[in-house]
Amino acid sequence: MEVALSITDLITLSLYLSGMVALGFYFARKNNSTEEYFVGNRAFKGWVIGLSMLSTSISSITFLAFPAAAFTLDWRQFISNLMLPLAAVLAILFFIPFFRRGQLTSAFEYLGERFGPVARLYGTLSFLMLQILRIGQILFLVAIPVNLFTGIPIVTVISFLGLFIGFYTVIGGIEAVIWTDVVQAIVLWLGGILCLVLMISQLPDGLSQVFSVAETHQKFGVGSTDWNLSERTFWTVALLGIFHFLAMYSSDQNIIQRYVASRSTREAKKATIIYSVVALPTWALFFFIGTTLFVYYTVFPDITINRLEADQVFPYFILTNLPTGVAGLILAAVLAAGMSTLDSSINAIATVTVVDILKPYWMKKRSDQRYLQVARLIAIGVSLMMIGGAVFFSAIEKESINDLSWIVASVFGGCLVGLFLLGFFTTRVGYHAALVALIISVVVNIYLGLGLAGWLPEPWTVNVQSYWVGVIVNLLFMGLAYLLSFIFTNQQSLSGLTVWTQTNKTSETNV
């Protein structure tokens, strides 16, 4: 299916893309060290970091998959987002001060200090695997609307967009990433609000019709309140949301890198508050767009919808129902949503690969310029892997990318949340207890993953809903590690490494 854009739409898109490249070139001049390339000399203000955190977390999963989830089902997947404030409070009180200690660049440097090199390497590799899978999903979503309006094969679209995003990220470093994130957050809001207003304005009874039709079809439902953890009930999604945001605030390098890039601890906390305040209404906006989209096609049936995947419905509406010029702006917002996450992840992957793998193990005591060169080469390689992942996700069968993203995060997230939480909040658990518990938990994680993939005989398979794998593995790890701490007593000094042994001396960044 091909839906042509007008010249005005194409000009709008071209101006947006040109602006992103210009920002990349502008900041490329300043990237003369890894400190600049990875954390921007730790000089960003809180409001800039807050908007960058928003752009990094919302992605095309917000712009396309959230509407798809609401269009296909209801609002039950939104419930997880309501758990954000709880995790934000913990981040402000505990997590940010830890990561602002000294001159940390990577989240996993803390794991090395707390639990030793094996935990640090495990955390690094788990993060890298999860991020590479995630950016493949997001690039696929970004490619959908471009494929729809040009008819260009989606593999070609994926390749072009992946190379484009990789280009300005590689040359511009974290400063280009963060400032393009700010621009992209604004474009995202404008596009989403404009699209919603135009959609409602075309309904005969306007906003009231959205609520009446949606209520009739139970589109505002939040799932069953029964305590059934094998289904996507209210409680299932809420508990998964808690783990998701704890993982994000405590162990996601995309977020931790912004903590340490802030000019002070106070600015990092301000950024977290700003992000938390604006994220919930942003997510609600896009779920409401999905509900309104369902109402629109209920009032104005279109047989084409039956042939589309859920993630394609919103782009189809954009390209067939919006006035000349507006579609270009909203498509720019779709691209902005994806690009803001992809550039952050590419830079974060390059950062942790250099800081947590190359510097301590494979390329010790090299010059800073050499590490900078390697970081750029890694970013290029990650961009190519991102393209390959997007091609893969375009070919597999799925309910929606939002659903798939939950499964990927649950199965491949490993024990990261448990590692950081035990590190922060216990003094009993030391290196040996954590190591033994980690080995056992990883084996269980692999076993559950193989069962979900259908690669085990039926009698050997445990019937576990895919969303719960991550929760089970993390709880198992924390429980085992704590029990094993009574056998393997902790002998290391924990000064400054837990909430119970933290000192006030966390460097100049406390003010």
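Note: hydrogens, waters and symmetry copies are ignored here, and every other heavy atom, side chains too, is used. We number each residue from 1, following the sequence as shown.
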query: By side-chain contact (heavy atoms from CB on, under 4.5 Å), which residues pair with Ile79, not counting sequence neighbours?
result: Leu82, Val222, Phe234, Val237, Ala238
message: According to side-chain contact (heavy atoms from CB on, under 4.5 Å), who are the partners of Val89, at least two apart in sequence or on a separate chain?
response: Leu93
task: Not counting sequence neighbours, which residues clear ring-ring contact (aromatic ring centres under 6.0 Å, His included) with Tyr431? List them please.
output: none
task: Please lay out, stage by stage, how Phe245 and Leu86 fare under the test side chain to side chain contact (heavy atoms under 4.5 Å, CB included).
output: CA-CA 8 Å; Phe245 287 113; Leu86 173 62; over 6 Å; no
message: Nearest 0.5 Å, please: how far is CG in Leu358 from NZ in Lys364?
response: 12.5 Å
field: Any donor-acceptor pair under 3.5 Å from Ser345 side chain to Leu342 backbone
entry: no
For residues 109-120, dump all side-chain donor-acceptor pairs below 3.5 Å to protein atoms at least two apart in sequence or in another chain.
{"residue": "Glu109", "atom": "OE1", "partner": "Thr105", "partner atom": "N", "Å": "2.6"}
{"residue": "Glu109", "atom": "OE1", "partner": "Ser106", "partner atom": "N", "Å": "2.7"}
{"residue": "Tyr110", "atom": "OH", "partner": "Gly423", "partner atom": "O", "Å": "3.0"}
{"residue": "Tyr110", "atom": "OH", "partner": "Phe424", "partner atom": "N", "Å": "3.4"}
{"residue": "Tyr110", "atom": "OH", "partner": "Leu497", "partner atom": "O", "Å": "2.6"}
{"residue": "Glu113", "atom": "OE1", "partner": "Arg101", "partner atom": "NH2", "Å": "2.7"}
{"residue": "Arg114", "atom": "NE", "partner": "Gly423", "partner atom": "O", "Å": "3.1"}
{"residue": "Arg114", "atom": "NH1", "partner": "Val429", "partner atom": "O", "Å": "2.9"}
{"residue": "Arg114", "atom": "NH2", "partner": "Thr426", "partner atom": "O", "Å": "2.7"}
{"residue": "Arg114", "atom": "NH2", "partner": "Val429", "partner atom": "O", "Å": "3.0"}
{"residue": "Arg120", "atom": "NE", "partner": "Asp356", "partner atom": "OD1", "Å": "2.7"}
{"residue": "Arg120", "atom": "NH2", "partner": "Val355", "partner atom": "O", "Å": "2.9"}
{"residue": "Arg120", "atom": "NH2", "partner": "Asp356", "partner atom": "OD1", "Å": "3.0"}

query: Considering only heavy atoms from C-beta outward, does the side chain of Phe243 approach that of Leu475 to under 4.5 Å?
result: yes
message: Do Phe393 and Leu139 have side chains that approach each other closer than 4.5 Å (heavy atoms only, starting at C-beta)?
response: no
message: Taking the ring centre of each residue, are Phe94 and Phe425 less than 6.0 Å apart?
response: yes
message: Side chains of Asp181 and Ser52: any donor to acceptor distance under 3.5 Å?
response: yes
- request: Before giving the answer on side chain to side chain contact (heavy atoms under 4.5 Å, CB included), spell out for Ile174 and Phe38 the whole-Å C-alpha distance, their side-chain angles and the decisive distance to 0.1 Å.
  value: CA-CA 6 Å; Ile174 193 65; Phe38 294 152; 5.8 Å; no
task: Please list all pairs passing the side-chain hydrogen bond (donor to acceptor under 3.5 Å, both in side chains) test where one or both residues lie in residues 470-493, with sequence neighbours left out.
output: Arg428-Ser485, Thr489-Gln491
message: The test is side chain to side chain contact (heavy atoms under 4.5 Å, CB included); show your working for Val39 and Phe44 and say whether it passes.
response: CA-CA 9 Å; Val39 290; Phe44 291 100; over 6 Å; no
task: Keeping the roles fixed (side chain from Ser262, backbone from Ser264), state whether a donor-acceptor pair exists under 3.5 Å.
output: no
- prompt: Any side-chain heavy-atom pair from Tyr259 and Thr272 closer than 4.5 angstrom?
  reply: yes
task: Inspect the contact between Asp252 and Arg134 and indicate whether a charged nitrogen and a carboxylate oxygen are less than 4.0 angstrom apart.
output: no
field: Tyr249: partners by ring-ring contact (aromatic ring centres under 6.0 Å, His included), with sequence neighbours left out
entry: none
message: Is it the case that the side chain of Thr498 and the backbone of Leu494 share a donor-acceptor pair, with hydrogens and angles ignored and the cut-off at 3.5 Å?
response: no
query: Side chains of Thr351 and Gln257: do they bring a donor and an acceptor to under 3.5 Å?
result: yes
task: Decide yes or no on side chain to side chain contact (heavy atoms under 4.5 Å, CB included) for Leu125 and Phe108, but give the supporting numbers first.
output: CA-CA 10 Å; Leu125 295 177; Phe108 310 108; over 6 Å; no
- request: Identify, with sequence neighbours excluded, every residue that meets salt bridge (Lys or Arg N to Asp or Glu O under 4.0 Å) alongside Lys270.
  value: Glu267
- request: List in chain and number order the residues that pass ring-ring contact (aromatic ring centres under 6.0 Å, His included) with Tyr297, two or more places apart in sequence or in another chain; answer none if no residue qualifies.
  value: none
field: Separation of Cys415 SG from Leu438 CG (nearest 0.5 Å)
entry: 5.5 Å
- prompt: Quick check: does any side chain N or O of Ser126 sit under 3.5 Å from a backbone N or O of Gly123, one acting as donor and the other as acceptor?
  reply: no
Report, one line per pair, each donor and acceptor closer than 3.5 Å where one atom sits in a side chain of residues 277-286; sequence neighbours left out.
{"residue": "Thr282", "atom": "OG1", "partner": "Trp189", "partner atom": "NE1", "Å": "3.0"}
{"residue": "Thr282", "atom": "OG1", "partner": "Val278", "partner atom": "O", "Å": "2.7"}

query: Can you tell me how far CD1 of Ile349 sits from CG of Leu130, rounded to the nearest 0.5 angstrom?
result: 9.5 Å
message: Looking only at the side chains, is there a donor atom on one of Arg258 and Ser344 sitting less than 3.5 Å from an acceptor on the other?
response: yes
query: Can you list the residues that meet the side-chain contact (heavy atoms from CB on, under 4.5 Å) rule with Lys269, with sequence neighbours excluded?
result: Ile92, Ile96, Pro97, Thr265
- request: Identify, with sequence neighbours excluded, every residue that meets ring-ring contact (aromatic ring centres under 6.0 Å, His included) alongside Phe211.
  value: Phe220, Phe288
message: Please check: side-chain N/O of Tyr122 versus main-chain N/O of Ile439, any donor-acceptor pairing under 3.5 Å?
response: no
statement: To the nearest 0.5 Å, atom OG1 of Thr353 lies from atom CZ of Phe127 at 8.5 Å
query: Between Tyr275 (side chain) and Trp47 (backbone), is there a donor-acceptor pair under 3.5 Å?
result: no
- request: Could you tell me which non-hydrogen atom of Leu51 sits nearest to which non-hydrogen atom of Ala185, and how far apart they are?
  value: O-CB, 4.2 Å
field: Residue pair Ile346 / Met386, side-chain heavy-atom distance below 4.5 Å
entry: yes
- prompt: side-chain contact (heavy atoms from CB on, under 4.5 Å) with Asp74: which residues, sequence neighbours excluded?
  reply: Arg76
